[in-house]
Each structure stands twice: as structure tokens, then as C-alpha cells.
Amino acid sequence: MLQRTAQLFRIRVTSQMQSALTNAPDDPVAAQFLPTSQELTGDGLSDPIGDNAHAPVPGLTHRYPDRVILHVTKTCDVYCRFCFRRETVGETGPLAPQQLDAALDYIAATSTIREVILTGGDPLTLSLRRLHMVLTRLDALNHVQMVRFHTRVPVVAPDRITPELVELLASLRMTAWMVIHTNHAQELTPPARKALRLMADAGIPLLSQSVLLRKINDSHDALQDLFTTLSALRVKPYYLHHCDLARGAGHFRTTIAAGRALMQGLRGPLPGHCLPTYVLDIPGGFGKVPVTADHFTEISPGRWRVTDWQGAAHDYLDPED
Ligand SMILES: *Cc1c(COP(=O)(O)O)cnc(C)c1O
Ligand code: SF4
């Protein structure tokens with residue numbers, strides 16, 4: 001069974017995450033990285049958030065006028081079992097030179113773009129030399145004010161956060177923002193904390209994003225621990241994502257009502273700066289919306305009408321119990 005899972009979805013764990021996991025049943029770190037036969041069951045979408053629905057050139061997603069996502073590589077240091085890009089991560093390494101040229105040409109020619117978001121895969125798996133090249137070329141485009149990294153590296157492979165890398169980020173004309181993907185306080189090992197401190201000390205603004213995952217962090221205590229720990233490490237919790245409809249990841253999904261109740265329970269006990277916005281990326285490429293009453297109407301139990309940022313309505317179904 002596990003062999004079959006390995007044929008379908010890539011497996012990789014770093015030594016840092018190996019050392020953070022325990023043998024406890026439902027260990028929150030193990031459950032994120034170690035494959036199970038549950039991944040063979042259920043349906044799901046191969047492109048759940050619709051990356052390909054708004055791709056003007058390969059490797060670039062342009063959904064909102066002022067910002068684009070540049071998929072600089074498909075490699076990650078870990079392969080998360082719930083990943084929303086799990087069917088494409090690891091396929092190839094960095095974006096091919098001609099594709100990178102085409103993406104940079106598009107950004108250069110589109111003056112409404114204020115922010116370039118580097119993701120993948122994981123952008124910080126690129127070598128320092130390659131990052132330097134990409135960032136220098138972006139920095140030369142005066143309308144690009146910010147470059148944002150979405151990365152799991154500071155947590156799963158903190159050794160990559162070297163003084164040289166931090167110096168490069170701090171030396172840019174554009175402001176570099178770092179969004180750290182982490183789902184449980186147990187992932188925040190001493191080396192990860194040190195990597196975060198290095199970046200915070202250099203003045204790099206730090207945010208976090210997490211995914212709400214059944215049996216991993218779908219409890220008041222787990223979320224409270226995660227968000228307060230991050231805030232204390234100078235990382236502002238930015239987004240809590242409702243788990244996407246990735247293939248073979250149905251067992252990680254919670255209901256919308258459960259996620260909402262958890263967030264409501266944290267408002268009050270936790271200060272506002274510890275609370276992320278709970279969002280759903282509407283399947284099909286319609287963007288992220290906060291999971292609040294002005295965007296969500298329950299039509300019948302487990303069946304939702306979701307209004308996107310442009311006012312269009314979409315149906316959304318909770319996982320079956
Ligand atoms: C999530 C996302 C962004 C960034 O959205 P923010 O709300 O600014 O974090 C940009 N483009 C696409 C296609 C996205 O999916
Ligand atoms: S690090 Fe991010 S992109 Fe890579 S496998 Fe994990 S969730 Fe997916």
C-alpha cells in the first residue's frame with residue numbers, strides 16, 4: 001500500500017523534521033510528512049486552487065492586477081501529504097531559462113504589478129547564486145515594489161537561512177517579505193527559531209501561513225500554541241487556509257463550521273496580532289476569500305454558497321463525515 005502511495009505522490013523529509021517527529025500516535029509532524037494508505041482513497045482535484053486558470057506564460061499566475069505568483073522551482077525540501085500542488089511539486093527543478101525570461105518579460109511589460117510572489121515548490125530551495133540572479137533582475141524593474149517569498153524552508157531546512165542569504169534580501173531596493181509556512185508549534189525547533197531570529201534582526205518582515213489540518217492542528221490548544229509562539233518569534237500569523245481539495249488529501253479536511261468555531265474560540269483569549277485571517281481558496285482559480293458570513297451562506301448542511309472577491313457565487317461542499 002505504501003509503495004503504491006509512493007508511486008502516486010513524492011516523499012521527502014528533512015533531517016530537521018525527522019528530529020522533530022515522535023512515535024506518538026497522531027504525531028502532528030509525522031502526519032504531515034509520512035505517507036499513509038489513506039492517500040489512495042477519495043477524490044480531489046489535480047489543480048485545486050486553479051494555478052493554471054490565470055497563467056499568461058508558463059510558471060506565472062496572474063489573478064489579481066497588482067501581484068503575480070512566479071513559480072521559480074518545483075522542488076521542495078519536504079513533500080507535505082496535504083499539498084495543494086502535490087501533483088506537480090518535484091516534477092522538475094528550477095524554471096527553465098527561457099521560461100524565466102518570458103515571465104520576467106511579462107512582469108517588465110506589466111506596470112500594474114507591484115508585488116512578485118515567489119513560490120514553487122519552495123523558492124528557498126534555489127541556490128544562492130540562482131536567487132541572486134532572479135532577485136537582481138526583479139530589482140531592476142522599478143514598478144516592482146515588493147518581492148514576497150512563500151516558503152517552508154526556514155522551518156524544515158533552517159540551515160539554508162545563512163547570513164549571506166539574509167544579507168542579499170536586506171540589500172534589495174524592493175522590500176522582501178517572508179511568509180513562513182508552518183502548521184504546528186512542534187515544527188518550530190531551536191534551529192528554526194534561530195533562522196527566524198536572523199531574518200527578523202535584519203529587518204525582514206515575517207508572516208506565517210498555516211493549513212487547518214484534521215488531527216494535526218484542528219484544536220483550540222494546537223492553534224493557540226502555534227499562533228502565540230509565532231507572534232513571540234516576531235512572525236505575524238497571516239493566513240489560516242482551509243484545506244484544499246488536493247487528490248488523496250481528503251482525510252485532512254475539516255468542515256467549514258469546525259474551522260469557524262475554532263477561530264471564534266481564539267478571538268478574545270488571544271490578542272489580535274496572533275490571529276490570522278481564516279481563508280478558503282475557491283476551487284477553480286477564483287481566489288481566496290475570508291471564511292466569514294459576508295462570503296459564506298449555508299444552503300443546506302455542509303453545502304455552501306461562496307461569493308468571490310469579484311462578487312460571483314460558487315458552490316462549495318464540506319467533506320463527508
Ligand atoms: C494567494 C494568491 C496571491 C496572494 O494573495 P494575498 O491575499 O495577497 O496573500 C496572489 N495571487 C494568487 C494567484 C494567489 O493564489
Ligand atoms: S512545502 Fe509547500 S509546495 Fe512543497 S510540498 Fe509542502 S505544501 Fe507543497
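Values below: all heavy atoms of this structure, side chains included; hydrogens, waters and symmetry mates excluded. Residue numbers count from 1 along this sequence. Whatever order the structure lists ligands and atoms in, that order sets their numbers, starting from 1.
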Quick one: does ligand 2 sit under 4.0 Å from the side chain of Arg86, the backbone, both or neither, non-hydrogen atoms only?
neither
All heavy atoms of Val78 vs all of Thr14, minimum pair found to be CG1-N, 3.8 Å
For His220, does the NE2 atom have more than 12 heavy-atom neighbours from other residues, nucleotides or ligands under 6.0 Å away?
yes
Below 4.0 angstrom from a heavy atom of Tyr238, which ligand 1 atoms are there? Numbered from 1 as shown, please.
6 (P), 7 (O), 8 (O), 9 (O)
When you look for heavy atoms under 4.0 Å from ligand 1, do you find them on the side chain of Val68, its backbone, both, or neither?
neither
At less than 4.0 angstrom from any non-hydrogen atom of Tyr64, what atoms of ligand 1 do you find?
3 (C), 10 (C), 11 (N), 12 (C)
Consider ligand 2: state whether an atom of it lies below 4.0 angstrom from any non-hydrogen atom of Arg85.
no
Is there a donor in the side chain of Asp294 and an acceptor in the side chain of Thr292, or the other way round, less than 3.5 Å apart?
yes
Considering heavy atoms of the protein only, find what lies nearest to atom 7 (O) of ligand 1 and give residue, atom and distance to 0.1 Å.
Tyr239 OH, 2.5 Å
Report yes or no: does Cys76 have an N/O/S atom closer than 2.8 Å to atom 8 (Fe) of ligand 2?
no
Answer yes or no for Val78: is there a heavy-atom contact with ligand 2 below 4.0 Å?
yes
Below 4.0 Å, non-hydrogen atoms only: which portion of Lys288 touches ligand 1? Side chain, backbone, both or neither.
side chain
Before giving the answer on side chain to side chain contact (heavy atoms under 4.5 Å, CB included), spell out for Gln310 and Phe286 the whole-Å C-alpha distance, their side-chain angles and the decisive distance to 0.1 Å.
CA-CA 9 Å; Gln310 292 172 306; Phe286 300 102; over 6 Å; no
Ligand 1 atoms nearer than 4.0 angstrom to some heavy atom of Arg67 are 4 (C), 5 (O), 6 (P), 7 (O), 8 (O)
Between Asp101 and Arg137, does any side-chain N to carboxylate O distance fall below 4.0 Å?
yes
Please examine the side chains of Phe227 and Ser208, heavy atoms only from C-beta on, and report whether any two atoms are closer than 4.5 Å.
no
Arg10 and Gly90 have their tightest heavy-atom pair at NE-O, 3.3 Å
Distance under 4.0 Å to a non-hydrogen atom of Thr61: what atoms of ligand 1 satisfy this?
13 (C)
Passes side chain to side chain contact (heavy atoms under 4.5 Å, CB included), Leu206 versus Ile180? Steps please.
CA-CA 7 Å; Leu206 305 176; Ile180 287 117; 4.0 Å; yes
Inspect the contact between Asp318 and Arg253 and indicate whether a charged nitrogen and a carboxylate oxygen are less than 4.0 angstrom apart.
no
For atom 2 (Fe) of ligand 2, what is the nearest protein heavy atom, given as residue, atom name and distance?
His181 ND1, 4.1 Å
Counting from 1, what ligand 1 atoms have a heavy atom of Arg148 closer than 4.0 Å?
4 (C), 6 (P), 8 (O), 9 (O)
What do the steps show when you test Leu213 against Cys243 for side chain to side chain contact (heavy atoms under 4.5 Å, CB included), and what is the final call?
CA-CA 7 Å; Leu213 296 164; Cys243 187; 4.0 Å; yes
Starting from atom 8 (Fe) of ligand 2, which protein heavy atom do you reach first, and at what distance in Å?
Cys83 SG, 2.3 Å
The protein heavy atom nearest to atom 5 (S) of ligand 2 is Cys80 N, 3.3 Å
Counting heavy atoms only, which of Ile117, Thr277, Ile69, Asp66 comes nearest to atom 12 (C) of ligand 1?
Ile69
Using the side chain to side chain contact (heavy atoms under 4.5 Å, CB included) rule, take Glu115 and Arg148 through it: C-alpha gap first, then chi angles, then the decisive distance, then the call.
CA-CA 7 Å; Glu115 182 175 21; Arg148 191 199 311 176; 2.8 Å; yes
Nearest protein heavy-atom contact for atom 15 (O) of ligand 1: which residue, which atom, what distance?
Arg63 NH1, 2.6 Å
Taking atom 1 (S) of ligand 2 as the reference point, the nearest protein heavy atom with its distance
Arg152 CD, 3.4 Å
